[in-house]
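Worksheet: one structure, shown below.
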Amino acid sequence: MKKNLLLFVGIVVILGAGALAVTTVDSAAPAAAPAPAASAPAAGTYSATVYVAGMGGHFAKADVTIDPSNPSDPIKIANLDRVVIGDKTTHPTHDTRIDANDPNTMFWSTYVLDPQGKMHVGKSDLKTGNVIKDVAMTPDAKAPGAKPPLYCASGQSKKFYMPIFMGTEGYVDVFDKATLELKHRVFVSDLGYKAGTYKFLHGINSPDMKKFILVLNEAKEGKGTGNVDFILVDLPSLEKGKMKQLAKNTLKGEPDKTLTFRQYFSADGKYIFQSAADRMWVLDASTLKLVDEKMSPEGSQIHDVMPTPDGKYAVLTVRAVTAACDLDGKPIQGKDITDGTLMLYDAGAKKLNEKSFSTCLACHKGMGLGDKTAVLCGIDAAWKK
């Protein structure tokens with residue numbers, strides 16, 4: 001098989017309980033060859049190497065060009081490759097976070113337990129694709145769970161990487177970037193949230209690394225009520241293992257349809273771009289008030305929203321229902337699967353271009369896997385000037 005084939009395969013693994021224990025494990029995961037460097041973007045366009053997290057134990061790596069002046073074809077994907085961190089049984093991932101200090105280093109965390117009952121946090125060299133370090137941990141006794149999710153979102157400060165446990169009880173881990181030593185584990189129960197009253201914790205740091213937004217869905221009897229809490233906390237306090245609330249607001253969506261996932265601040269720190277499954281929200285980052293709302297196309301879910309460096313546009317990662325196909329690429333009657341796609345949002349015009357661009361299905365078809373679901377989630381990018 002060619003290295004540039006993307007493979008996102010969903011799996012379900014049973015989680016176990018236990019006290020916290022941390023060990024470092026060697027990785028023998030193969031590295032993907034670096035893709036050719038893309039040329040500088042033309043005027044009015046954006047260019048980036050994007051990394052999209054998937055459930056196959058790797059990240060899709062692609063050179064992407066965004067041309068907002070071409071509404072029929074605004075996103076072009078080239079030089080598809082992979083950054084491998086494990087395989088689909090050991091390292092399914094939703095989280096990708098490029099180091100703010102070093103664009104050649106990417107931190108990541110896993111979404112399900114491996115066959116030994118461990119969850120993983122690690123970092124990779126984006127020049128070589130090699131795993132630099134992989135830390136395996138036993139699930140926390142306060143958040144044992146019986147099934148996924150584990151980590152999904154993350155933030156960072158200059159010295160610390162902060163993956164966020166999406167399950168219950170939700171928490172933010174504080175890892176030393178240099179050593180990947182766990183320094184603190186900070187539960188949202190410190191903000192008064194009790195297990196069973198919320199689901200799907202996510203968050204990210206502000207660009208100036210002074211604040212950290214935490215987002216969770218209020219829940220009753222295991223289902224989201226449609227109410228979503230946004231809590232802004234002090235990042236220096238979080239680095240020390242403390243929750244210091246700065247602001248809070250609640251937005252209302254559709255019960256058990258509006259479910260928030262990953263998010264980004266704009267580079268100037270003024271706005272928050274929030275994925276919410278059946279919709280996308282844009283918030284004022286100071287007041288946490290709603291600025292814009294766009295509904296996702298029918299049959300799709302929005303899972304991340306990454307703005308361009310100037311904040312004029314945003315790239316969405318979307319799970320879209322599409323027809324399965326046979327080995328000849330022909331649709332299989334009556335069978336649908338989920339494909340991982342990208343979409344473009346115009347922040348200035350407050351308009352969502354509903355044309356989607358697949359990062360998964362073409363490769364699945366080429367590998368004879370056109371009848372298999374492809375699950376993407378988090379996105380990060382190295383933007384080219």
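All values below were derived from every heavy atom in this structure, side-chain atoms included, with hydrogens, water molecules and symmetry-related copies excluded.
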Under 3.5 Å donor-acceptor, Lys177 side chain and Ser157 backbone: yes
Which heavy atom in Pro92 sits nearest to a heavy atom in Val112, and how many Å separate them? CG-CG2, 3.4 Å
Lys244 NZ to Leu191 CG distance, which is reported to the nearest 0.5 Å: 13.0 Å
Please check this pair: side chain of Asp380 against backbone of Ile98, looking for a donor-acceptor N/O pair closer than 3.5 Å. yes
Looking only at heavy atoms, what is the nearest atom pair of Val233 and Met243, with distance? CG1-SD, 4.3 Å
Kindly indicate, with the supporting measurements, whether the criterion salt bridge (charged side-chain N to carboxylate O under 4.0 Å, His left out) is fulfilled by Lys289 and Asp284. CA-CA 5 Å; Lys289 301 298 184 182; Asp284 182 295; over 6 Å; no
Ser124 (side chain) donor-acceptor with Leu126 (main chain) under 3.5 angstrom: no
Do Lys384 and Asp63 pass the salt bridge (charged side-chain N to carboxylate O under 4.0 Å, His left out) test, and can you show the C-alpha distance, the side-chain angles, and the key distance before you say yes or no? CA-CA 10 Å; Lys384 298 176 176 62; Asp63 287 330; 3.8 Å; yes
Salt bridge present between Asp81 and Lys61 (N-O < 4.0 angstrom): no
With rounding to the nearest 0.5 Å, note down the distance linking CG in Asn353 to CG in Asp346. 9.5 Å
Taking side-chain contact (heavy atoms from CB on, under 4.5 Å) as the criterion, tell me which of Asp292, Ile302, Leu290 meets it with Trp281. Leu290
Phe261 backbone acceptor or donor facing Gln263 side chain under 3.5 Å: yes
Show, in sequence, the C-alpha distance, side-chain angles and deciding distance for His202 and Cys152, and conclude whether the side chain to side chain contact (heavy atoms under 4.5 Å, CB included) test is met. CA-CA 7 Å; His202 292 77; Cys152 185; 3.3 Å; yes
Asn249 vs Leu251, side chain to side chain contact (heavy atoms under 4.5 Å, CB included): CA-CA, chis, key distance, verdict: CA-CA 7 Å; Asn249 190 35; Leu251 296 185; 3.8 Å; yes
Distance alone, cut at 3.5 Å: any donor-acceptor contact between the side chains of Asp229 and Thr250? yes
Would you call the rings of Phe175 and Tyr161 parallel, tilted or perpendicular if under 30° counts as parallel and over 60° as perpendicular? tilted
Between Tyr171 and Phe165 (judged by ring centroids, cut-off 6.0 Å), do the two rings come close enough to count as a pair? yes
pair Met343-Pro297: side-chain heavy atoms closer than 4.5 Å: yes
Examine distances only and state if a side-chain atom of Thr317 and a backbone atom of Gly378 form a donor-acceptor pair shorter than 3.5 Å. no
When you group the ILVMFWY residues by side-chain heavy-atom contacts below 4.5 Å and let the links chain together, are Met106 and Met162 in the same group? no
Of all heavy-atom pairs between Ile77 and Leu80, which one has the smallest distance, and what is that distance? CG2-CD2, 3.4 Å
Group every Ile, Leu, Val, Met, Phe, Trp and Tyr by side-chain heavy-atom contacts under 4.5 Å, then state whether Ile213 and Ile231 land in the same group. no
Backbone of Ala100 reached by a side-chain donor or acceptor of Gln156 within 3.5 Å: yes
Linked, directly or transitively: Val174 and Tyr151 (ILVMFWY side chains, under 4.5 Å): no
Determine whether the side chains of Ser189 and Lys194 contain a donor N or O and an acceptor N or O closer than 3.5 Å. no
Hey, what do you get for NZ (Lys142) to CD (Glu169), rounding to the nearest 0.5 Å? 5.0 Å
Look up atom CG in Asp208 and atom CG in Asp268, then write down how far apart they are to the nearest 0.5 Å. 10.5 Å
Do Leu235 and Met209 have side chains that get closer than 4.5 Å, going by heavy atoms? yes
For this output row, return yes or no: ring centroids of Tyr46 and Tyr313 closer than 6.0 angstrom. yes
Between Arg262 and Asp95 (salt bridge meaning N to carboxylate O under 4.0 Å), is one present in this structure? yes
Heavy atoms only: give me the nearest Pro163-Ser154 pair and the separation to one decimal. CA-CB, 3.7 Å
Counting only N and O atoms by type, is there a donor-acceptor contact under 3.5 Å from the side chain of Asn217 to the main-chain atoms of Lys199? yes
Do the numbers put Arg97 on top of the ring of Phe59, so that NZ or CZ is under 6.0 Å from the six-membered ring centre and no more than 45° off the axis? no
Tell me if a side-chain donor or acceptor on Thr258 pairs with a main-chain N or O of Gly253 at a distance below 3.5 Å. no
How are the rings of Trp108 and His91 set relative to one another: parallel (under 30°), tilted (30 to 60°) or perpendicular (over 60°)? perpendicular
Can you confirm if the NZ or CZ of Lys351 lies within 45° of the ring axis of Tyr345 and under 6.0 Å from the centre of its six-membered ring? no
Would you say the side chains of Asp173 and His184 form a donor-acceptor pair under 3.5 Å? no
Applying a strict under-4.5 Å side-chain criterion to I, L, V, M, F, W and Y, I'd like to know whether Ile164 and Ile272 cluster together. no
Measure from the side-chain N and O atoms of Ser296 to the backbone N and O of Asp278, and report whether any donor-acceptor pair falls under 3.5 Å. yes
Any ion pair linking Asp234 and Lys210 (charged N to carboxylate O, less than 4.0 Å)? no
Of all the heavy-atom pairs spanning Lys350 and Val291, show the shortest one and how long it is. NZ-O, 3.4 Å
Would you say Thr341's side chain and Val318's backbone share a donor-acceptor pair under 3.5 angstrom? yes
Hydrophobic clustering (ILVMFWY, side-chain heavy atoms < 4.5 Å, transitive) - are Val188 and Leu232 grouped together? no
Write down the atom of Pro139, the atom of Gly117, and the distance for their closest heavy-atom approach. CD-O, 3.3 Å
Mind running side-chain hydrogen bond (donor to acceptor under 3.5 Å, both in side chains) on Ser72 and Asn70 for me, showing each step along the way? CA-CA 6 Å; Ser72 64; Asn70 185 354; 3.0 Å; yes
Neighbour count >12 (heavy atoms, 6.0 Å) for atom OH, Tyr198: yes
What distance separates Ile66 CD1 from Thr45 OG1, expressed to the nearest 0.5 Å? 9.0 Å
Does some side-chain heavy atom of Val305 sit less than 4.5 Å from a side-chain heavy atom of Gln274? no
